[in-house]
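Notes follow once the structure below has been shown.
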Amino acid sequence: AKGHNFFTEAGDEDFADFDHNLAIASVPHPLLLGDDTKPAGFWLPGFTGIHHNNHAAACSRGWKLNVQAGAGAAQSNFDFINNTAHACGFGWRLFPPHQPPTPNVFGKFTAFRCSTGMFYYSSG
């Protein structure tokens with residue numbers, strides 16, 4: 001796919017459930033958004049959704065949290081369990097700095113042959 005494989009737009013989705021999905025070989029696209037030059041398997045505008053048993057392979061970013069102002073920054077219903085990134089530039093990347101308003105659930109994340117397994121840039 002050109003650009004991001006799984007993409008939630010503004011962050012106003014409540015309890016989006018990503019379960020047993022495969023994101024593979026996202027391809028950069030210079031004519032879409034600037035963010036599409038380094039596309040992610042799963043692109044999120046904040047700490048939103050339920051992510052269980054997903055796999056991202058050969059993507060520039062396995063999971064990319066690019067926190068957006070508005071609904072995406074306010075969400076905190078994030079559940080991230082048993083996910084895998086394989087041969088991605090970043091397995092999991094959060095940028096710009098953000099600290100969600102409530103704790104989130106992280107469990108069993110495997111980053112295999114990624115340049116960087118997890119990059120979590122927090123403001124607090």
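By convention here, the first residue in the shown sequence is residue 1.
Considering every non-hydrogen atom in both Pro28 and Thr37, the closest pair reads CB-O, 3.3 Å. Minimum interatomic distance between Asp79 and His52 (heavy atoms only, all atoms of both residues): OD2-NE2, 2.8 Å. Between Ala25 and Cys59, the shortest heavy-atom contact is N-SG, 4.0 Å. Minimum interatomic distance between Ala23 and Phe42 (heavy atoms only, all atoms of both residues): CB-CE1, 3.8 Å. Between Phe6 and Leu22, the closest heavy-atom pair is CE1-O, 3.7 Å.
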Ignoring hydrogens and angles, write down the donor-acceptor pairs under 3.5 Å from the side chains of residues 81-91, residues two or more places apart or on other chains.
{"residue": "Asn82", "atom": "ND2", "partner": "Asn53", "partner atom": "OD1", "Å": "2.6"}
{"residue": "Asn83", "atom": "OD1", "partner": "Asn53", "partner atom": "N", "Å": "3.4"}
{"residue": "Asn83", "atom": "OD1", "partner": "Asn54", "partner atom": "N", "Å": "2.8"}
{"residue": "Asn83", "atom": "OD1", "partner": "Asn54", "partner atom": "ND2", "Å": "3.2"}
{"residue": "Asn83", "atom": "ND2", "partner": "His51", "partner atom": "O", "Å": "2.9"}
{"residue": "Asn83", "atom": "ND2", "partner": "Ile81", "partner atom": "O", "Å": "3.3"}

Pair Trp63, Phe18 - check side chain to side chain contact (heavy atoms under 4.5 Å, CB included), show working. CA-CA 12 Å; Trp63 275 262; Phe18 296 89; over 6 Å; no
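In this structure, the separation between CZ on Phe80 and CD1 on Ile50 is 13.5 Å, given to the nearest 0.5 Å. Between the CZ atom in Arg61 and the SG atom in Cys114 there is a gap of 11.0 Å [rounded to 0.5 Å]. In this structure, CG in Leu44 is found 11.0 Å from NZ in Lys64, a value given to the nearest 0.5 Å.
Here the side chain of His4 pairs no donor or acceptor atom with the backbone of Pro39 at under 3.5 angstrom.
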